[in-house]
Each structure stands twice: as C-alpha cells, then as structure tokens.
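For reference, the structure is listed below as structure tokens.
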Amino acid sequence: MATSSVRVDLDGNPIKPLTICMIGAGGFIGSHLCEKLMAETQHTVLAVDVYNDKIKHLLEPDSLPWANRIQFHRLNIKNDSRLEGLIKCSDLTVNLAAICTPADYNTRPLDTIYSNFIDALPVVKYCSENNKRLIHFSTCEVYGKTIGSFLPQDSPLRQDPAYYILKEDTSPCIFGSIEKQRWSYACAKQLIERLIYAEGAENGLEFTIVRPFNWIGPRMDFIPGIDGPSEGVPRVLACFSNNLLRREPLKLVDGGKSQRTFVYIKDAIEAVHLMIENPARANGHIFNVGNPNNEVTVRQLAEMMTKVYANVSGEDSIETPTIDVSSKEFYGEGYDDSDKRIPDMTIINKQLGWDPKTSLWDLLESTLTYQHRTYAEAVRQSIAKPVAT
Ligand SMILES: NC(=O)c1ccc[n+]([C@@H]2O[C@H](COP(=O)([O-])OP(=O)(O)OC[C@H]3O[C@@H](n4cnc5c(N)ncnc54)[C@H](O)[C@@H]3O)[C@@H](O)[C@H]2O)c1
Ligand SMILES: O=C(O)[C@H]1O[C@H](OP(=O)(O)OP(=O)(O)OC[C@H]2O[C@@H](n3ccc(=O)[nH]c3=O)[C@H](O)[C@@H]2O)[C@H](O)[C@@H](O)[C@@H]1O
C-alpha cells in the first residue's frame with residue numbers, strides 16, 4: 001500500500017521522493033525491488049532493461065496507483081546513447097545488469113567479462129562525472145574459495161571461522177587458474193568493484209557496493225523449455241525446480257558437497273531499500289547481504305526441496321530423487337566451484353541494522369508454491385505434446 005504520511009530514515013530525517021535509474025530492472029532482483037518501491041514508497045523508477053516480462057504486472061494497466069512513477073526504457077546499455085540522459089535526470093542509479101548464470105562463465109567467458117566489466121564502465125563514468133550516487137551489484141563470488149579449502153581435510157583449523165567466514169574488509173579474493181574460466185565472472189566483478197572504489201577515493205563518487213549471497217525466490221531465472229531455452233542451464237533453484245516439475249532426479253554436480261547460504265529475496269530487498277533511503281549510512285560501503293543461518297550443502301538443498309515440493313504439490317517424490325553428475329558433463333570444461341559461503345554480517349548490521357528473517361524451509365515453501373502454481377500445468381502440457389520427428 002502506498003503511504004501518504006511522511007516516512008523517515010534511520011536517523012529520523014524525512015525521506016524525499018527520489019528518481020531512480022534502475023538498470024537491469026527487468027530481472028529477478030530488479031522485479032522485486034521495483035515491486036517494493038512502487039508499493040511502499042513515493043520514489044520514481046526509470047526501469048532500464050532489454051526485457052520487461054517480469055515487471056509487466058507493474059507497468060500495465062495505466063490505472064495502477066503507481067502508474068506515473070514507473071517508466072520502462074527498453075535499451076541495451078552496451079550501445080545506447082540514451083543511458084547518460086537517464087542517469088543525469090536521476091538522483092540515484094542502481095546497476096543490476098549482468099550475465100550472472102554460472103553455466104555461462106566458462107562457456108561464454110568473453111560475453112561474461114564484457115557484461116560484468118566493460119558494459120558497467122560507462123555507468124560508473126556517467127555517475128562520477130555527473131555527481132550521481134551509484135548502488136552497484138557485485139557478488140559474493142568475489143571471495144572465490146575459502147582459505148580453509150586449502151587446508152588438509154582433517155585439519156582442525158577447518159572448523160575455525162577465521163578460515164571460512166567471508167568479511168568485506170579483510171577476506172582475500174581467491175580464484176582458480178586462468179584455465180578455470182568459471183572465475184571470469186568473479187574477476188570482472190572484482191575489477192569493477194576496484195574501479196568504483198577508486199572513483200570514490202580519487203573523484204568523490206558516492207557509491208555503495210552490494211555483494212549478494214545466493215538470493216532466491218519467485219521469478220528467479222527461467223524453466224527450460226517453458227519460459228527460457230530448452231537447453232539453457234539456470235541457477236540451482238530453477239534447475240532443481242525444473243527437475244521436480246518434470247518428475248526427474250535432481251542432478252548433484254560433483255556430489256553436491258559445495259555449501260551455500262540462501263537468503264529469501266524479500267528479506268534481501270529490505271536491505272537494498274535501507275541502502276537507498278539511508279545514503280549517509282550506506283555511501284562508501286561494501287555490504288555482504290545474505291543469511292548465515294541458512295547454510296546447507298547442495299545435496300541437503302536437493303533433499304529439502306524434494307520434501308517441500310511433495311508437500312506443496314501433493315505428489316509423492318520419485319523413487320530416485322537425486323543423481324550425481326560430473327561438473328565437466330554438466331557445465332563443460334573450465335568449471336570450478338566456491339566451496340563454502342558464509343557472510344559476515346557485522347558491517348550491514350552496524351550501518352543499517354539489517355538482519356535476515358526467513359528460514360530456508362519457509363522460503364522454499366513459498367517459492368516452490370509459486371513455481372508449482374506458475375509452471376506445473378505448462379510443464380504437464382509440454383510433456384504431453386508429441387515430439388516432432
Ligand atoms: N540473484 C542473486 O542471488 C545474485 C547473487 C550475486 C550477484 N547478483 C548480481 O545481482 C545483479 C542482478 O541479478 P539477478 O539475479 O536479478 O539477474 P537477472 O539475470 O535476473 O537480471 C539481470 C538483468 O539485467 C539485464 N541486462 C543484462 N545485460 C543488459 C544490457 N546490456 N542492457 C540492459 N539490460 C541488461 C537482463 O536482461 C536482466 O533482466 C547482477 O549484477 C548479479 O551479478 C545476483
Ligand atoms: O547467487 C549468488 O550469490 C552468486 O552465485 C551464483 O553461483 P552459484 O551459487 O555457484 O550458482 P548456482 O547455480 O546457484 O549453483 C549452486 C551450487 O549448486 C550446484 N548445482 C547447480 C545446478 C544443478 O542442477 N545442480 C547442482 O549441483 C552448483 O554446482 C553449485 O555448487 C552465481 O554465480 C550468481 O548468480 C551469483 O553471483
């Protein structure tokens with residue numbers, strides 16, 4: 001519900017309506033951020049993307065209460081001179097645009113590097129030259145592997161948080177060799193972080209860098225063959241959802257032993273909302289945004305999703321719910337993996353008072369309810385269709 005009373009920031013100051021240039025607004029995170037800003041604030045969004053399917057419900061019909069506060073601009077930031085004008089007439093730019101699916105990092109490394117570094121350069125430049133604030137989306141992948149992963153398997157130091165907790169201001173960034181092209185994404189994101197940081201230090205750019213740790217929820221990526229390419233490989237939530245919808249075993253890459261912490265998109269969007277409305281507390285900072293309490297191995301995630309999906313769909317799970325596949329078979333040559341990702345939450349907690357709330361079970365329940373409601377019938381029809389010979 002839009003509020004009419006004056007809203008205040010964390011320091012009690014009234015929040016002025018902002019114009020926000022949101023690049024990549026049509027993606028997973030962008031769609032949730034637009035929803036939040038339309039429903040709960042008076043800010044205006046200039047939504048920039050090449051697609052708008054995930055925000056169509058916010059753009060039409062014209063009678064929506066926020067219709068005059070959101071405009072969609074279909075443009076590719078690689079080659080469109082309108083970008084600078086949009087940044088100039090905004091108070092703040094939020095840059096979400098990126099190639100960010102691991103299946104692309106080793107198979108399309110050039111596109112990955114261009115998207116995450118080269119294409120972001122003009123955005124940083126226009127913000128810096130025009131004295132505009134920038135919130136840039138980086139990734140937890142900039143941490144790479146943990147220090148602990150290089151210790152012997154039986155080393156007691158592996159249990160010491162100093163060897164695996166990821167801290168914005170002290171943890172190193174540890175990537176594999178150049179042949180392991182998986183790291184093309186993390187490396188490009190790291191370099192754009194360094195550039196933004198340097199623009200802040202040398203030219204006074206007001207910036208905030210966000211490092212998301214596996215944000216998941218409705219509208220993440222696509223279901224292959226339904227609203228994305230049949231041969232496409234999305235991120236793990238959509239891969240496993242696709243397997244569950246099709247009653248196929250979930251594929252565990254290299255045994256599913258890697259660990260991740262998952263945070264509910266709606267919790268994470270609260271953190272971004274706080275950054276937008278509290279510039280004095282957010283500028284100049286890099287923030288981990290994740291849920292350290294929701295750690296699982298990928299195998300445990302598969303088991304939990306199988307149970308939750310059986311509950312929400314009312315269908316028993318299949319006899320062999322998971323199978324092992326090698327990373328070479330699944331992702332191709334040059335894949336590598338982050339072993340473990342637990343965010344340190346000290347900085348975001350101190351600056352913005354933010355803490356995630358939703359447990360992994362609860363977030364999977366609401367997300368898989370959405371997946372079932374949105375896709376089950378379409379998948380059933382696609383399976384029933386006779387295959388052309
Ligand atoms: N979802 C996560 O958990 C997560 C984790 C770490 C980092 N991130 C980062 O957050 C950002 C958003 O992620 P997401 O999950 O919403 O991804 P997404 O792929 O759903 O959204 C990215 C959007 O950017 C758009 N885009 C890409 N290139 C563009 C271009 N040249 N011009 C215009 N639009 C372009 C895409 O069309 C897409 O709609 C990315 O920078 C990603 O690296 C996300
Ligand atoms: O979300 C994040 O915070 C960041 O991490 C992701 O990287 P990753 O977590 O490795 O990507 P997922 O596709 O979500 O895979 C998670 C794990 O599941 C495994 N996996 C994936 C898919 C599958 O079908 N089976 C499977 O075992 C992968 O090998 C990996 O170990 C992506 O790089 C980005 O979206 C983002 O920057």
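For ligands, and for the atoms within them, numbers begin at 1 and follow the listed sequence.
- Comment: Asp344 engages Lys167 in a salt bridge, judged by a side-chain N to carboxylate O separation of less than 4.0 angstrom.
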Side-chain donor-acceptor pairs under 3.5 Å in residues 187-194, sequence neighbours left out?
from	atom 1	to	atom 2	distance (Å)
Lys189	NZ	Asn116	OD1	3.1
Lys189	NZ	Phe137	O	3.0
Gln190	OE1	Arg194	NE	2.7
Gln190	OE1	Arg194	NH2	2.8
Glu193	OE1	Arg211	NE	3.4
Glu193	OE1	Arg211	NH2	2.6
Glu193	OE2	Ser138	OG	2.5
Glu193	OE2	Arg211	NE	3.0

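- Transitive grouping of hydrophobic side chains (ILVMFWY, heavy atoms separated by less than 4.5 Å) keeps Leu360 and Ile342 in distinct clusters.
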For ligand 1, list every N/O pair with the protein closer than 3.5 Å, one pair per line with the distance.
from	atom 1	to	atom 2	distance (Å)
ligand 1	1 (N)	Arg235	NH1	3.2
ligand 1	3 (O)	Trp215	N	2.8
ligand 1	3 (O)	Trp215	O	3.3
ligand 1	15 (O)	Arg235	NH1	3.2
ligand 1	15 (O)	Arg235	NH2	2.9
ligand 1	16 (O)	Phe28	N	3.4
ligand 1	16 (O)	Ile29	N	2.8
ligand 1	20 (O)	Phe28	N	2.8
ligand 1	31 (N)	Asn76	OD1	2.8
ligand 1	32 (N)	Ile77	N	3.0
ligand 1	37 (O)	Asp49	OD1	2.6
ligand 1	39 (O)	Gly27	N	3.2
ligand 1	39 (O)	Asp49	OD1	3.3
ligand 1	39 (O)	Asp49	OD2	2.7
ligand 1	41 (O)	Leu96	O	3.1
ligand 1	41 (O)	Lys189	NZ	2.8
ligand 1	43 (O)	Tyr185	OH	2.7
ligand 1	43 (O)	Lys189	NZ	3.0

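- In this structure, ligand 2 sits under 4.0 Å from heavy atoms belonging to Cys100, Pro102, Tyr105, Thr139, Cys140, Glu141, Arg182, Tyr185, Pro212, Phe213, Asn214, Arg235, Val236, Cys239, Phe240, Lys251, Leu252, Val253, Ser258, Arg260, Val298, Phe330, Tyr331, Tyr335, Asp337, Arg341.
- Checked for salt-bridge contact, Glu315 and Arg247 meet the test: a charged N lies under 4.0 Å from a carboxylate O.
- Not counting sequence neighbours, the partners of Asp111 by the salt bridge (Lys or Arg N to Asp or Glu O under 4.0 Å) test are Arg108.
- Look at Asp11 and Arg281 and you find a salt bridge, because one of the NZ, NE, NH1 or NH2 atoms lies within 4.0 Å of a carboxylate O, short of that distance.
- A ring-ring contact (aromatic ring centres under 6.0 Å, His included) with Trp183 is found for one member of Tyr335, Phe175, Tyr105, Tyr143 and no other, namely Phe175.
- With salt bridges taken as basic N to acidic carboxylate O contacts below 4.0 Å, none links Asp49 and Lys54.
- Between Glu295 and Arg341, none of the side-chain N atoms (NZ, or NE/NH1/NH2) sits under 4.0 Å from a carboxylate O, so this pair counts as no salt bridge.
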